[in-house]
Structure formats: structure tokens, C-alpha cells
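First the proteins, then the strands, lettered A, B, ... as listed; each starts at 1. What you see below is based on every heavy atom in this structure, not just the backbone, and it leaves out hydrogens, waters and symmetry mates.
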There are 2 protein chains.
Amino acid sequence: MKKFSKSEINEFVQLLDFSKIEGNLIPVVTQDYKTKEILMLAFANEEAVRKTLETGYAHYYSRSRNTLWKKGETSGHVEEIESVVIDCDNDSLLLKVKQVGAACHEGYDTCFYRKFEGGALKIVGKKVFNPEEVYKK
Amino acid sequence: MKKFSKSEINEFVQLLDFSKIEGNLIPVVTQDYKTKEILMLAFANEEAVRKTLETGYAHYYSRSRNTLWKKGETSGHVEEIESVVIDCDNDSLLLKVKQVGAACHEGYDTCFYRKFEGGALKIVGKKVFNPEEVYKK
């Protein structure tokens with residue numbers, strides 16, 4: 001797992017351009033560092049980027065709940081950071097991670113588990129867990 | 001290359017939730033269908049999604065120029081659609097593509113060509129072309 005020092009984090013967030021999306025957010029794409037499968041696409045504000053780099057676990061900003069969100073905080077399906085990559089415009093991030101469990105809250109290995117083909121959505125992801133069991137109260 | 005019929009396209013855009021980003025946009029992540037490298041992250045409005053599916057070439061919406069944008073229209077570095085994948089919330093897309101030339105306008109194979117490591121950005125992408133030659137007037 002990859003963590004970063006306070007001064008590294010300060011330097012990094014200075015580079016990022018949060019101005020382009022309402023609420024000062026950047027899109028973050030998360031990729032399995034080994035299989036290269038894309039796991040999810042979410043958003044981060046500065047706090048989420050800082051927490052990600054400080055703890056070594058992916059954090060995002062939930063636009064529906066208006067709050068910082070550690071991926072896996074309920075399910076245990078955390079994402080350990082292997083590397084952090086920035087795009088040419090400094091306005092989006094790629095997190096290469098080791099995914100514990102599965103990325104999608106619907107139980108699939110990836111949130112991108114449906115391909116559009118022949119006029120219908122075809123399931124191409126792998127069901128890894130039962131959401132009703134993992135998210136039960 | 002994968003193209004879609006008018007009725008398939010109508011069906012598909014109905015599924016998408018464009019409401020979450022100002023300007024009715026969704027984030028689109030583009031991946032090399034063979035190497036699985038992530039090439040870029042951009043935005044699309046409904047028109048861009050329609051054009052992508054209709055023509056078989058990736059189209060995006062340029063927020064800086066406020067216009068529909070066919071990737072590669074200037075450089076020739078088009079992206080041929082191999083498959084279209086939708087995420088669990090219907091608010092982002094994954095395009096698996098065959099990239100002609102290189103994805104990044106700075107000449108690298110991917111827009112995500114810099115990794116944050118040891119307090120600095122380290123170039124991990126491969127320089128494929130010279131932007132001054134490709135984008136010359």
C-alpha cells in the first residue's frame with residue numbers, strides 16, 4: 001500500500017484543478033492494478049484526495065450524501081492505493097488499487113458490469129457477493 | 001468498429017442520467033480494448049453519446065470550447081469503438097476503443113502519463129508523437 005507524507009500531499013493538491021466541476025470536484029477513475037479492469041468512476045474534493053494519499057485507502061466525495069466517503073467503510077471492500085496518476089490537464093486522477101472484495105455496491109467486481117450490445121444491456125461483470133448480506137443492518 | 005442503429009441509440013440514451021453534472025454531462029473513461037491502459041477521461045452530453053454510437057468513433061463534449069468534439073478531428077488520432085459499457089448508476093460510461101495514434105494531445109500514449117512518486121511527477125507514459133508537428137497550422 002502506498003501512503004504519502006504531509007508535504008508530498010500539500011504539493012500534490014496544489015497541482016490539481018478542482019475548478020471545473022460544481023462543488024470543486026475532480027473525477028477519479030479507479031483501476032485494478034493487476035488485472036487493469038476499471039472498477040469505478042467517482043468524484044473527489046480536496047479533502048478526499050488528501051485522505052486517500054494520507055491513509056493509502058481510496059476516499060471519494062459522495063454527491064448524493066454530500067460527504068467524504070471512504071470506499072468500503074460499510075462493506076469492508078476497501079481499495080488499497082498502489083499508485084496515483086494525474087492526467088495532462090491536472091483535472092482528473094487515476095487510482096491504481098488493490099480491491100478488497102468487490103468494487104460495486106450491487107455485488108459485481110466492477111461498477112462497469114453491463115455492456116450495451118444488440119439493443120440491450122448484457123451483464124459482463126462477475127457477481128462476487130450478495131448486497132443484501134453485505135449491507136444488512 | 002462497433003456502430004449502433006438509431007433505435008438502439010434512442011434506447012441507450014434514455015437509460016443515461018445526465019442530471020448530475022452542470023451542463024447535462026456524464027464522465028466518460030476511455031480504455032484501450034487490448035492493452036487495457038486507460039487513455040483519457042472526458043465528458044459527453046447526449047449529442048456526443050449519440051454521435052459516438054452512430055459513427056463508431058468516440059465523441060466528447062469540450063467544456064472549454066463549449067462544443068461537440070470528435071476525438072482526433074485535428075490530429076487524426078481517432079478512437080474506434082469496440083464496446084460501450086455503462087456503470088451501475090447509469091451516470092458514467094466506459095468506452096473500450098482502438099486508439100489510432102495516441103490519446104494525449106501532448107504526444108503521449110495516454111493522458112495519464114504522470115505518476116506521483118517521491119514528491120514529484122514521474123513520466124510513465126510513452127511519447128508517441130511531437131505535438132508541434134501534429135497540431136501545426
Distance in Å, L94(A) CG paired with K115(B) NZ, rounded so as to fall on 0.5 Å steps: 10.5 Å
Do K96(A) and I38(B) come close enough that some side-chain heavy atom pair is under 4.5 Å? no
Any side-chain heavy-atom pair from L41(A) and D91(B) closer than 4.5 angstrom? no
Spell out, yes or no, whether L121(A) and V49(B) are grouped together once hydrophobic residues are joined by side-chain heavy atoms under 4.5 Å, including indirect joins. yes
Measure the spacing between SG of C88(A) and OH of Y113(B) and express it to the nearest 0.5 Å. 6.5 Å
I21(B) and L16(A): same hydrophobic cluster, using ILVMFWY side-chain contacts below 4.5 Å? no
Give a yes or no on whether V29(A) and V97(A) share a hydrophobic cluster (residues Ile, Leu, Val, Met, Phe, Trp, Tyr; joining criterion: side-chain heavy atoms under 4.5 Å apart). no
Among the options I86(B), T110(B), L25(B), V84(B), pick out the one with the most heavy-atom pairs lying under 4.5 Å from chain A. I86(B)
Answer with yes or no whether the hydrophobic clustering places Y33(B) together with V124(A); edges join I, L, V, M, F, W, Y residues whose side-chain heavy atoms lie under 4.5 Å apart. no
Using heavy-atom distances under 4.5 Å, tell me whether L53(A) contacts chain B through its side chain, its backbone, both, or neither. side chain
Search all heavy atoms of D87(B) against all heavy atoms of F112(A) and return the closest pair with its distance. CB-CE2, 3.5 Å
Under 4.5 Å from a heavy atom of chain B, the part of K20(A) involved: both
More than 12 heavy atoms of other groups within 6.0 Å of K34(B) NZ: no
So which of K2(A), E11(A), E8(A) has the largest heavy-atom pair count under 4.5 angstrom toward chain B? E8(A)
Taking atom NZ as the centre, does K36(B) end up with more than 12 heavy-atom neighbours from other residues, nucleotides or ligands that are less than 6.0 angstrom away? yes
Taking the side chain as every heavy atom from C-beta outward, state whether N90(A) and R114(B) have any atom pair closer than 4.5 Å. yes
Contact listing (chain B partner; residues 55-78 of chain A; heavy atom under 4.5 Å): R63(A)
Is there a side-chain contact between F116(B) and S83(A) (heavy atoms, below 4.5 Å)? no
Go through K122(B), Q31(B), E106(B) and name the one with the most non-hydrogen pairs under 4.5 angstrom from chain A. Q31(B)
Are the side chains of M40(A) and D89(B) in contact, using a 4.5 Å heavy-atom criterion? no
What part of F43(A) gets closer than 4.5 Å to chain B, counting heavy atoms only: side chain, backbone, both or neither? side chain
T35(A) versus chain B, heavy atoms under 4.5 Å apart: side chain, backbone, both or neither? backbone
Verify same cluster id: F4(B), M1(B) (apolar side-chain graph, 4.5 Å): no
